[in-house]
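Please read the structure below before turning to the comments.
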There are 2 protein chains.
Amino acid sequence: MDQSAICPRFEKAMSIMSQRWTGLVIYQLLTGPKRFCSLESSMGISGRVLSDRLKELENQDIVKREVYPETPVRIEYSLTEKGRALEPMMKEIEKWSQTWLPVEPTP
Amino acid sequence: MDQSAICPRFEKAMSIMSQRWTGLVIYQLLTGPKRFCSLESSMGISGRVLSDRLKELENQDIVKREVYPETPVRIEYSLTEKGRALEPMMKEIEKWSQTWLPVEPTP
DNA sequence: TATAATTACTTACATAAAGTAACTAACTGA
DNA sequence: TCAGTTAGTTACTTTATGTAAGTAATTATA
């Protein structure tokens, strides 16, 4: 019954993007490098999962981690070229949401 | 610390798209109406979760469910206008995956 | 000197989501 | 009456996520 086999690369992309929080993390980083605690508080993700996601995205070469040995230490997360290449997709989600989603979802 | 508040409509869109399987279900339906068992077998999702997702997408008015009282009964799922409006986003993921993901991820 | 503060995490535990496999309902054809 | 078909549902297990406290490294403060 496996009629329409899905392109494995598309499937992979989807499996990355359809993990909880991943899209939002990338979206936040589109506006520039961010620190751990800044991401944590601006999107309401738990530190435990944020830590996981950043590691995964680093492994995928979508996010880059840079350490600045100041006091206290500063660590910045930013997008790689591969990560920035996701901007057009983000823009399309943005457009769709503005066209099709109500302004007040659940008051 | 909630510096950069995220647009609630974008956040909502992301929360829909970042649920496991949701993107793939929509992607499959872009090629035309599909039946439950066809979706189930073509993407390897469990019936339990597929059932959940289709209900959610119906509630969001992204998917339409139609019953044909044949024998045995035929039920078709298809995209609404709101659902089809996600095609540009899907195309962008497709493009990204073809540009940035390797052909053989894990042999 | 001890205590507190800061950042970037990790750990242990609890809850929610997803996978598995068997089961049901409604119908028909043998 | 029994088997076959589709579209699910149910009970149970495994995995993912949330919560809250803890750690390491460093400096500032009482």
Side-chain angles (χ1 to χ4, degrees), chain A residues 1-4 6 11-12 14-29 32-60 63-79 106, chain B residues 1-4 6 11-12 14-29 32-60 63-79 106:
Chain A
M1 258 254 201
D2 206 327
Q3 307 128 314
S4 47
I6 303 166
E11 221 172 332
K12 172 70 178 171
M14 263 299 178
S15 81
I16 295 170
M17 296 308 300
S18 70
Q19 273 204 100
R20 208 167 192 168
W21 299 112
T22 298
L24 272 188
V25 169
I26 294 167
Y27 184 72
Q28 293 288 302
L29 294 181
K34 297 273 178 302
R35 304 174 66 167
F36 191 93
C37 65
S38 160
L39 289 168
E40 198 177 8
S41 60
S42 69
M43 42 193 250
I45 187 179
S46 71
R48 194 194 142 294
V49 175
L50 179 56
S51 177
D52 273 14
R53 289 299 180 272
L54 289 170
K55 273 178 206 156
E56 287 167 20
L57 288 170
E58 222 193 316
N59 289 339
Q60 303 280 346
V63 161
K64 188 176 56 189
R65 180 182 191 268
E66 281 189 293
V67 181
Y68 300 88
E70 301 170 356
T71 296
V73 68
R74 183 163 57 101
I75 292 168
E76 282 196 344
Y77 295 92
S78 57
L79 294 176
T106 342
Chain B
M1 259 255 203
D2 208 326
Q3 307 129 314
S4 46
I6 304 165
E11 220 172 333
K12 171 71 179 170
M14 262 299 179
S15 82
I16 295 169
M17 296 309 300
S18 70
Q19 273 204 100
R20 208 166 192 169
W21 299 113
T22 299
L24 272 188
V25 170
I26 294 168
Y27 184 73
Q28 292 289 299
L29 294 180
K34 296 275 178 301
R35 304 175 66 167
F36 191 93
C37 64
S38 160
L39 289 169
E40 198 176 8
S41 60
S42 69
M43 41 193 252
I45 187 178
S46 71
R48 193 195 143 296
V49 174
L50 179 56
S51 178
D52 273 15
R53 289 298 179 274
L54 289 170
K55 275 180 206 156
E56 287 168 18
L57 288 171
E58 223 193 317
N59 289 340
Q60 304 278 348
V63 161
K64 190 176 56 187
R65 179 184 194 267
E66 281 189 292
V67 181
Y68 299 89
E70 302 170 356
T71 295
V73 67
R74 181 163 56 100
I75 292 170
E76 281 196 347
Y77 293 94
S78 57
L79 293 177
T106 340

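Chain A is the first sequence line, chain B the second, and so forth, proteins listed ahead of strands; every chain is numbered from 1.
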What is the distance, to the nearest angstrom, from the [atom1] atom on [X] to the [atom2] atom on [N]?
{"X": "A/I75", "N": "C/dT6", "atom1": "CD1", "atom2": "P", "value": "17 Å"}
{"X": "A/L50", "N": "D/dT19", "atom1": "CG", "atom2": "P", "value": "14 Å"}
{"X": "A/K55", "N": "C/dT11", "atom1": "NZ", "atom2": "C1'", "value": "11 Å"}
{"X": "A/E40", "N": "C/dA8", "atom1": "CD", "atom2": "P", "value": "9 Å"}
{"X": "B/R74", "N": "D/dA7", "atom1": "CZ", "atom2": "P", "value": "9 Å"}
{"X": "A/L54", "N": "D/dT17", "atom1": "CG", "atom2": "C1'", "value": "15 Å"}
{"X": "B/E76", "N": "D/dG8", "atom1": "CD", "atom2": "C1'", "value": "17 Å"}
{"X": "A/E58", "N": "C/dA8", "atom1": "CD", "atom2": "C1'", "value": "13 Å"}

### Query
Under the 3.5 angstrom rule, does the side chain of B/R65 hit a backbone N or O of B/K55 as a donor-acceptor pair?
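Such a contact is absent between B/R65 side chain and B/K55 backbone.
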
[Y] and [X], any side-chain heavy atoms less than 4.5 Å apart:
{"X": "A/I16", "Y": "A/E56", "answer": "no"}
{"X": "A/V25", "Y": "A/M43", "answer": "yes"}
{"X": "B/M17", "Y": "A/M17", "answer": "no"}
{"X": "A/I75", "Y": "A/F36", "answer": "no"}
{"X": "B/L39", "Y": "B/L54", "answer": "yes"}
{"X": "B/K64", "Y": "B/E58", "answer": "no"}

### Message
By the 4.0 Å heavy-atom rule, please label A/Y68 as base, sugar-phosphate, or nothing.
### Response
nothing

Report yes if a side-chain nitrogen or oxygen of [X] is closer than 4.0 Å to either non-bridging phosphate oxygen (OP1 or OP2) of [N]; otherwise report no.
{"X": "A/R65", "N": "C/dC9", "value": "yes"}
{"X": "B/Y77", "N": "D/dG8", "value": "yes"}
{"X": "A/K34", "N": "C/dA8", "value": "no"}
{"X": "A/R35", "N": "C/dA8", "value": "yes"}

### Task
Produce a footprint string for nucleotides 18-23 of chain C: one letter per nucleotide, 5' end first; B if the base is under 4.0 Å from any protein heavy atom, S if only the sugar-phosphate is, - if neither.
BBB---

